[in-house]
> 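Starting off with a structure, shown below.
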There are 2 protein chains.
Amino acid sequence: MAKHDPHLDLLFHALSDPTRRMMLNRLARGPAAVTELAGPTGLRLPTILRHLSVLEAAGLVASQKDGRVRSCAFQPKAMAPMHDWLEDQRRLWEGRLDRLDDYVTNLMKERNHGP
Amino acid sequence: MAKHDPHLDLLFHALSDPTRRMMLNRLARGPAAVTELAGPTGLRLPTILRHLSVLEAAGLVASQKDGRVRSCAFQPKAMAPMHDWLEDQRRLWEGRLDRLDDYVTNLMKERNHGP
DNA sequence: ATCATGCTTAGCCATGTTGCTAACTATACT
DNA sequence: AGTATAGTTAGCAACATGGCTAAGCATGAT
């Protein structure tokens, strides 16, 4: 378990912006060019390019140039570390619930069999 | 499907910082006071309090004062919107894979029965 | 009453983020 | 060749973020 994983920072940060989530949403349906990504957002190209670089830094998107158009593709594997972290977190929480359960169970046993 | 959910911004942003994830990790094991949260981070109290307010803004933590100590508790339900979004995203992606599958299948049918 | 503890507020500083415009490059079209 | 298209780069402005110190306030212990 990484104590302090910089990749998670990039991942969560990338997802924390509505424009970037919109772009990912589009890319989950299939590859797209930069202009097509920009379309629905109403933002200028340089802005979109910046967002794209954030998504690429997080590994969520890979892109390549084909002629004069850059084709961007969603990289679902990049989500894995986040899912792992969420899973760890869930386990911790449920472990706590289990222990609470034990506690209550023991309490009731004591009530039933106690002095 | 929310087109532009500000709550998701807060949620992902809250998780994008290693200090805050560390705090959540501690809280998933059970409630803790502010000083206890600060301990492992090596950061000053005012800084921790700021992080705490970010976590509270995202709904991930609830706190209350008991005497002079503030007790903080993890709120697992706050994770739900994020899980929903991730699930939507996964569905989109898998839908795409299915369609790709169909495409390949059709292509092979045409190859077999075509002119 | 005094002192220690635990939190809180105010305010500073450096850096990062998000949007923009303007100017540039490289490829395609006619 | 000349024009349109698709990115790209540089740089600016406004605001947010993450750290700090110093000073304040409320509660518990002696």
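What you see is a predicted model; the values in this text were computed from it and never measured. Below, chain A is the first sequence line, B the second, and so on; all start at residue 1.
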> Decide if atom CZ of B/R44 counts as having more than 12 heavy atoms of other residues, nucleotides or ligands within a radius under 6.0 Å.
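At most 12 heavy atoms, drawn from other residues, nucleotides or ligands, come within 6.0 Å of this atom.
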
> Output the single nucleotide from D/dG7, C/dC20, C/dT18 whose closest atom is nearest the side chain of A/L43.
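Selected nucleotide: C/dC20.
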
> Would you kindly give the CZ-to-C1' distance between B/R70 and C/dT9, to the nearest whole Å?
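Nearest whole value for this atom pair: 13 Å.
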
> Hey, is the side chain of A/R50 pairing donor to acceptor with the base of C/dT18 inside 3.5 Å?
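A donor-acceptor contact between them is absent.
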
> Which is more 5' along DNA chain C, the nucleotide nearest A/G42 or the one nearest A/G67? Just name the residue.
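Mapping each residue to its closest nucleotide by heavy atoms, the 5'-most match is A/G42.
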
> Distance check, rounded to the nearest 0.5 Å: B/L92 atom CG versus A/F74 atom CZ?
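B/L92 atom CG to A/F74 atom CZ measures 9.5 Å (nearest 0.5 Å).
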
> Is there a side-chain contact between B/R68 and the phosphate of C/dA4, meaning an N or O under 4.0 Å from OP1 or OP2?
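False: B/R68 side-chain N/O out of range (4.0 Å or more) of C/dA4 OP1/OP2.
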
> Hey, which sits more toward the 5' end of DNA chain D by its nearest nucleotide, B/P46 or B/V54?
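Here B/V54 is the residue nearer the 5' end.
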
> With a 4.5 Å limit on heavy-atom distance, are the side chains of B/L60 and B/L15 in contact?
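In short, these two side chains touch, coming nearer than 4.5 Å.
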
> Starting at the 5' end of DNA chain C and moving along, which residue's nearest nucleotide shows up first, A/T47 or A/D66?
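Nearest-nucleotide comparison on DNA chain C picks A/T47.
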
> Does A/R44 make a side-chain N or O approach to OP1 or OP2 of C/dA22 shorter than 4.0 Å?
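No.
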
> Is the phosphate of D/dA16 approached by B/H13 (side-chain N or O, under 4.0 Å from OP1 or OP2)?
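So the side-chain polar atoms of B/H13 never come under 4.0 Å of the phosphate oxygens OP1 or OP2 of D/dA16.
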
> Is there a side-chain contact between A/M79 and B/R90, using heavy atoms and a 4.5 Å cut-off?
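The answer is no; the side chains never approach within 4.5 Å.
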
